[in-house]
Structures are given as structure tokens and as C-alpha cells.
*Asks:* 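I'd like to ask you about the structure that follows.
Keep in mind the model is a prediction, meaning the values are calculated, not measured. Every chain is numbered from 1 and lettered A, B, ... according to where its sequence line falls, protein lines coming before strand lines.
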There are 2 protein chains.
Amino acid sequence: MEKDPTYFGVKEIARRANVSIATVDRVIHNRTGVSEKTKKRINEIIKELDYQPNILASRLASKNIIILAVLIPRVSEETDFWSAPLHGVQRAETEIKPYGIQTITFFFDLNDENSFETQANLILEKGVNGVLLSPSFIAQSIRFTEECRRLKIPFVFIDSNIPQQHSLAYIGPHLFKSGYLGAKLLTYRKGEEGKILVVNISKEIENYNYLQIEEGFRSYLKENHLNFEIIRADINETDYLSVARNLTQVFTKNEDIEAIFVTNSRVFSVATFLENKHKKEIALVGYDFLKENIQHLNTGTIDFLICHKPEEQAYRAMMVLYHTLVRGQQVEKTQYMPIDIITRENQEFYQILPI
Amino acid sequence: MEKDPTYFGVKEIARRANVSIATVDRVIHNRTGVSEKTKKRINEIIKELDYQPNILASRLASKNIIILAVLIPRVSEETDFWSAPLHGVQRAETEIKPYGIQTITFFFDLNDENSFETQANLILEKGVNGVLLSPSFIAQSIRFTEECRRLKIPFVFIDSNIPQQHSLAYIGPHLFKSGYLGAKLLTYRKGEEGKILVVNISKEIENYNYLQIEEGFRSYLKENHLNFEIIRADINETDYLSVARNLTQVFTKNEDIEAIFVTNSRVFSVATFLENKHKKEIALVGYDFLKENIQHLNTGTIDFLICHKPEEQAYRAMMVLYHTLVRGQQVEKTQYMPIDIITRENQEFYQILPI
DNA sequence: ATTAAAATCGGGTACGTACCCGCAATATAC
DNA sequence: GTATATTGCGGGTACGTACCCGATTTTAAT
């Protein structure tokens, strides 16, 4: 079989420009040592031939290896949400490893701001070429990314964003629209009467996310003139007992709650509560494809789960770094993930497919 | 920066086995000319070092180029559904082109069985190494794929499947479950009364798909003891006038239709009809992320669209061929796509993201 | 034992790019 | 003018694997 005859490489460029391959290489990589005249001549030929470097050969010959750092929460017993992004990181890792790219993953504790800081400092010491991070702690993330900017290390946010921080990209959900959709799903077959309960279960972190989601949620109701009374429950402890105690209080005060929206993945706690109290007829919508949540989806306690492709977020973030650092390509700065709707009927197909 | 010191290549294997690189190469590629003894020795070292060939170097050195054929319907004025798979093919194409893989795309006319046969024959004449096809015409597809099997050309089905045909893989929806979900969405907030209309608009092709979807649809209603009367409308012409004429008849006979399920992407015709007749309060669910359908989703005539990631189907199918032919890897034989639910609220994020 | 054939193997080049080393030409200093 | 930087450029090797071309050894045939 023959090679593609329409492909021209540096050799052909050098031949046409009457220079050596080395000179062409210098022009391509913007290195010094070429006169303006020949540089111009070579650039014209490059443009004329629409030269596309052969990445295989390029990466094979290059000895410049690239190190990427990943900074995400550790997978905890409380929730295995972060196992999905970790999987995405690993998928990208195996894919780009032959290109001379190494990955080091740093985990922090979602209940401990200091662990974030510690790990972030380790990254800075290490001297990496690019960073993928989940900015779970706003202040610490800002400090860290400012330092990255100073050191000219590109970084990508996943899961939630800090705008104005000059990240290379944000890859994650549009939280406002996600809450907006949540309201639609929750009220889609609801009657005119009855209250709505919005539950936020978290240890005071990720508040910013929560606010955007609730804003979108309320916005939907307002735009559609749905004047349900909205009760709020802020639960700062994530263990089941605290959740149950809190909800019991809410229910004694409000008997006619017809629908519950949980703003994050801890919806399974609420589902367990409803099952224990035999209140399964209440509509329940929450977030994320976790084992526990799927169970309650299958028993019918949870009506809908909303999900933002956590695996793909991380995978794409890695590829964004790869394309920037290795290929020098421009990337989309804001990449909103699809807002997926998971029900009992389609949940079995919402997994990571192997090739 | 230094190279990964944990990586060992053929050179190291050759050194340890006291043979030349060429001999190691012969063992790796199962070529003849190596005594059993040295072959065994080399294989042991390969296993011991967990040797992973460097694909970059491998594909760079290899002159064996691989040709993939794609056989899908032409994008027509009637519907641009197939532009999504085409896009997926092209995305995969640019990604694997540097690996020495060429793609030739053949289009057939969904209204003309013969065009399928003609294009299929062109592929066989051409002598390609792998085929991606949509088996829109069952009989012709069987004939073609049998011939592929005889010639030992692997092939992958997308969009719909022909089981028992020994394809390398099927990548597409689980149609039964898709119809099942359709019934859930259609009846989710429906009252106890009123009839359901199931509409199939197509020129008698793809019947097999339709049947599976309808089966799933009815199955949901049955399992949930929803005893609505179901009307059926089979419309064999795809132009709007034919659809409108047909639906008018159905509506004169049945005044109390409360919900309509369209089994394919032509749901926009039904939506137009409902808008013209001022019957927008009827629930409407159908298939596929087409411009026309999204318009009606946004006006509220269509309530839900179901979608099976057509772009990714084609992309994955290409990668399956790549992994099989280039990497010699085993692949998953049946890859069901997620069954995505598109509403007015999340539709804007359901597009193909650029890196 | 001699010769032919077959089996087994090594040397070496190529793939397209990166990049080191060093030579020539030109510019600058005195 | 000569001596010294500086600039511009080419030769050549390396990356890890594929594969051609032959050389050597072993086996089979006579």
C-alpha cells in the first residue's frame, strides 16, 4: 500500500525553500537564528502547502515530557461522586501517555480546607506544566490559581467555575440552568396546591454552587407563574441522623409538602427518610448518578436525577490541557456539559462505555 | 527533562534475550523465522517487562495503511438526522488520520434500496479493511455483510442492529427500552381518560426499528396498568400534506386524543399539524435532535425528544474499527447508547462540543 | 561427504520531526 | 587592516518500531 501522496512534511518544505530541514524546524518553532527573509519565504510555503505537522513523529522525536497535575477531592465513604472524574482522568491518561505526558493526581479532603492548600503547594513545588482542578474552596482556589498565572501554568476548572480567574477553560454544568430544569421536572405533574421543599445538605462548602442552582430553580417557578410556597432546609451535617432530625422538624411544621428538590448528590439521604416515614408519594428530584441514588430511583422514591457527565468533564479537561500544551491549539473557554435527565427507565444505559 | 525510565522497548527485550531487534519484532508480530526456543524466551521477557508497544513509533514506521469504508444514508432535505453521524465519522477521521488510516464515505438514498446495493458493491470492489454501516435495508445489509464475512472484513453496525450477523460490534440504542421510556414521558402527567395516538411516519423502511419501539411503548403501559386506548396511524408518505391529511382523518374519528407518540424523527410534522389546528395542549413525544424538532420543543408543542447520541455512535464505531485493526484489541460487542431526554430547558447544552 | 534447501537470525535503513553541534558568513570593535 | 562576536544555516543523529536484504546455521537429500 502507498502512503498518502497529498501529505507534505518538513522535507518537502525545505526542498522548496532551498534550505535545510533544521531551518524549517527553526521557523516552525519560532526559534531564533533565521533571517527575516528566509523566515518569510518558509512561512509562505508552509501556508501554501497547508502544512500539518505529524504529531506522531513530533512527539516521538521530542524529549520534552509534559507533566499534568490533577487536584480533586478524594473519593470518600460519604459519597463516591468523585470516582467518576477520577475515571475520566485515568482514561485520558492512558490515551495521551504515549505522547510523553505524565499525570500526577493530588487528592484533598472535602471537609478540610487545609488539605486543599497543602496539596496545591505540593503541585507548585513540583513544577508542573498544567493543572486540572475542582475549585471546591473558593478562597484557596483563587490564591492557588493566581500563583499558577504568575508562573504561567495553565489550569482548567471542572465541576464548578470561578469566573474572572483567567482559567484556560471551564468544563462543567451551567448551574443556573440546571436548577431551572430541576424545577421543571419537580413540578411537571404537580397539582396547584402544596408546598415545595428545597434541601441543601453540605458542610457549608460549595455554597456558591448551591446558590446558583436555587436561583435557577426559583427562576423557573417565577417565569411559569407557579406560586408554590417554598420551604428551605439547610442541613450542615451530612450524616443520616442529622438529615432525618432536620427533616422531621420541617415536616412537623409543614404537613402539606408535595415535592422536594435536593441541590446536590445527597438526595439519597432524603429518599431514605421518605421511605422510612412512608412518604413515598412525595415528588423527589436531586443530583448525580451514585449507586445509592440509583437504588432509590429504582424503588420509585426518587423521580429524577440530574447529572452533568462527571467522567467526561475530567476527560475533556485533560484533553484541553493536552491540546493546549502539546498541539498549541486554541480551545473553547467555556464548555457547558449537557444537563442529563436520569429516570428509572433510562438509568441502565447511563454508564461509562468501554471500547 | 528525562524520559520515563520505567518504559522498556524492543531494544531492551532484544538485549535481554541476546537477539537482534528484528527477531523480537518477528515474535511480536507472529511472523515466521524464529525457533520455538528463542520465541519462548522472548515471549517470557515480553511478559515479564509487560511490554506495551509505542503506538506512535509503530504507526510511524509501518507503511501498511488502513482503509475504512463508511456506508450511511445521505443527508437529505427531508431530514438532516444523518449529518450527526457524519460529523462523528469526520471527528474520528481527523483523530486517527495521522495513524495512517484513510476513510471513504459512501452514501445511499433512504428511499432507494438499489442505491444501498450499488454503494455496497463499490465498497467490496475497493477492497477495504473495515466497514461502518447503518443497516437500513435488512435484506441488502445481510447480503453485504455475509460477503464481508467471507472476505474477513470486520464491520460495525450503528443506529440499528441485525443480530446473529456476526458484526464486530453494534453501537446504537436499545430500541425496546427507548420506546418504554417514551411511554413514561408521554403519560407522566396524563390523566386517567383520553386516548393515545402512536404515529409511524416512514416509507415502509426501518420497520423493524419501529416495531421494537412500539413494543417497548406498549410494554410500559401494560406493566403500569395504564389502560388507555391506543390508536395507531401508519403514514407511508413523509411530506407534510400526506401527514396532515392522515392526521385529520384520525382526529375526526377520535376527538379525545390526549397524547401522541411519534416513533421517529418526523415528529416535527405532527407538531406543525397540531399548531395549525390549535391543538397545542396535546402531549407530544418523539425522536431526535433536529433543528425542526427543537423549534417545536421551544414553542412547547413537543414536550420531550428522545435522542441516542448519533454523533457519538458513529465516532465510537470508527474507534472500534481502529482499535481492532490497528491495536488488535478486543472490543465490546454490544454498546447501547444512553437514552437521552431532551426538553426545552436542557436542549441548548445538547450539542457537539469542540475541544 | 557434498550440495541444496530451509530455517534462523542480524544489520541497517526508513518513518517525520526535534535538536545538538559546528561551520561559514557577516557584523562589530580596535 | 586584523581579531572577535554574532547571526544564519546545514549535517547528522536520535526517538521506537517496521521491515527489507542478505548472511549464517541447520536440516534434508543425494
*Asks:* Check every atom of D:dG11, C:dA18, D:dA18 against the side chain of A:Ser20 and return the nucleotide holding the closest atom.
*Replies:*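 Nearest nucleotide to the side chain: D:dG11.
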*Asks:* Starting the side chain at C-beta, find the nucleotide from C:dT17, D:dT17, D:dC19 nearest to A:Ala57.
*Replies:*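 Of all the options, the side chain of A:Ala57 is nearest to C:dT17.
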*Asks:* Name the nucleic acid region contacted by B:Thr32, choosing base, sugar-phosphate or nothing; use a 4.0 angstrom heavy-atom cut-off, strictly under.
*Replies:*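 The answer is nothing, as B:Thr32 stays clear of every strand by at least 4.0 Å.
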*Asks:* Are any of the side-chain nitrogens in A:Glu146 or A:Arg150 under 4.0 Å away from the carboxylate oxygens of its partner?
*Replies:*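 A salt bridge is absent here (no side-chain N lies under 4.0 Å from a carboxylate O).
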*Asks:* Salt bridge check: are B:Arg41 and B:Glu44 linked by an N-O gap of less than 4.0 Å?
*Replies:*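 Answer for the salt bridge query: no.
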*Asks:* Does any non-hydrogen side-chain atom of B:Tyr51 lie less than 4.5 Å from one of B:Ile28?
*Replies:*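 Result yes, sub-4.5 Å side-chain heavy-atom pair found.
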*Asks:* Closer than 4.0 Å, any side-chain N/O of A:Tyr51 to the OP1 or OP2 of C:dG16?
*Replies:*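 A:Tyr51 to C:dG16 OP1/OP2: no side-chain N or O under 4.0 Å.
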*Asks:* For a quick check of understanding: with a heavy-atom distance under 4.0 Å over all strands, which category does A:Gly9 fall into, base, sugar-phosphate or nothing?
*Replies:*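 Touches sugar-phosphate only.
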*Asks:* Check this for me: does the side-chain of A:Arg26 come within 3.5 Å of the base of D:dG10 through a donor and an acceptor?
*Replies:*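 Side chain to base: pair found, below 3.5 Å.
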*Asks:* A:Leu60 has a side chain; which of C:dC19, C:dG16, C:dG10 sits nearest to it?
*Replies:*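 Ranking C:dC19, C:dG16, C:dG10 by closest atom to the A:Leu60 side chain puts C:dG16 first.
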*Asks:* Ignoring the backbone of B:Asp25, work out which of D:dC19, C:dC19, C:dT8 is nearest its side chain.
*Replies:*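 So the side chain of B:Asp25 is nearest to D:dC19.
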*Asks:* Choosing from D:dC9, C:dT8, C:dA18, which nucleotide comes nearest the side chain of B:Ser35?
*Replies:*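 Closest nucleotide to the B:Ser35 side chain: C:dT8.
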*Asks:* From C-beta outward on B:Ala22, which listed nucleotide comes closest to its side chain: C:dG11, D:dG11, C:dA18?
*Replies:*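 Out of C:dG11, D:dG11, C:dA18, the nucleotide with an atom closest to B:Ala22's side chain is C:dG11.
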*Asks:* Relative to B:Tyr99, does B:Arg59 satisfy both conditions: NZ or CZ under 6.0 angstrom from the six-membered ring centre, and within 45 degrees of the ring's axis?
*Replies:*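 No - B:Arg59 does not lie over the ring of B:Tyr99 by the 6.0 Å and 45° rule.
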*Asks:* I want to check one thing: is the phosphate of C:dA18, taken as OP1 and OP2, less than 4.0 Å away from some side-chain N or O of A:His29?
*Replies:*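 Result: yes.
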*Asks:* Between C:dT17, C:dC15, D:dG10, which nucleotide gets closest to the side-chain atoms of B:Ala61?
*Replies:*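 That would be C:dC15.
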*Asks:* Check this for me: does the side-chain of B:Arg59 come within 3.5 Å of the base of D:dG16 through a donor and an acceptor?
*Replies:*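 Looking at the base of D:dG16, it does not pair with any donor or acceptor on the side chain of B:Arg59 (distance under 3.5 Å).
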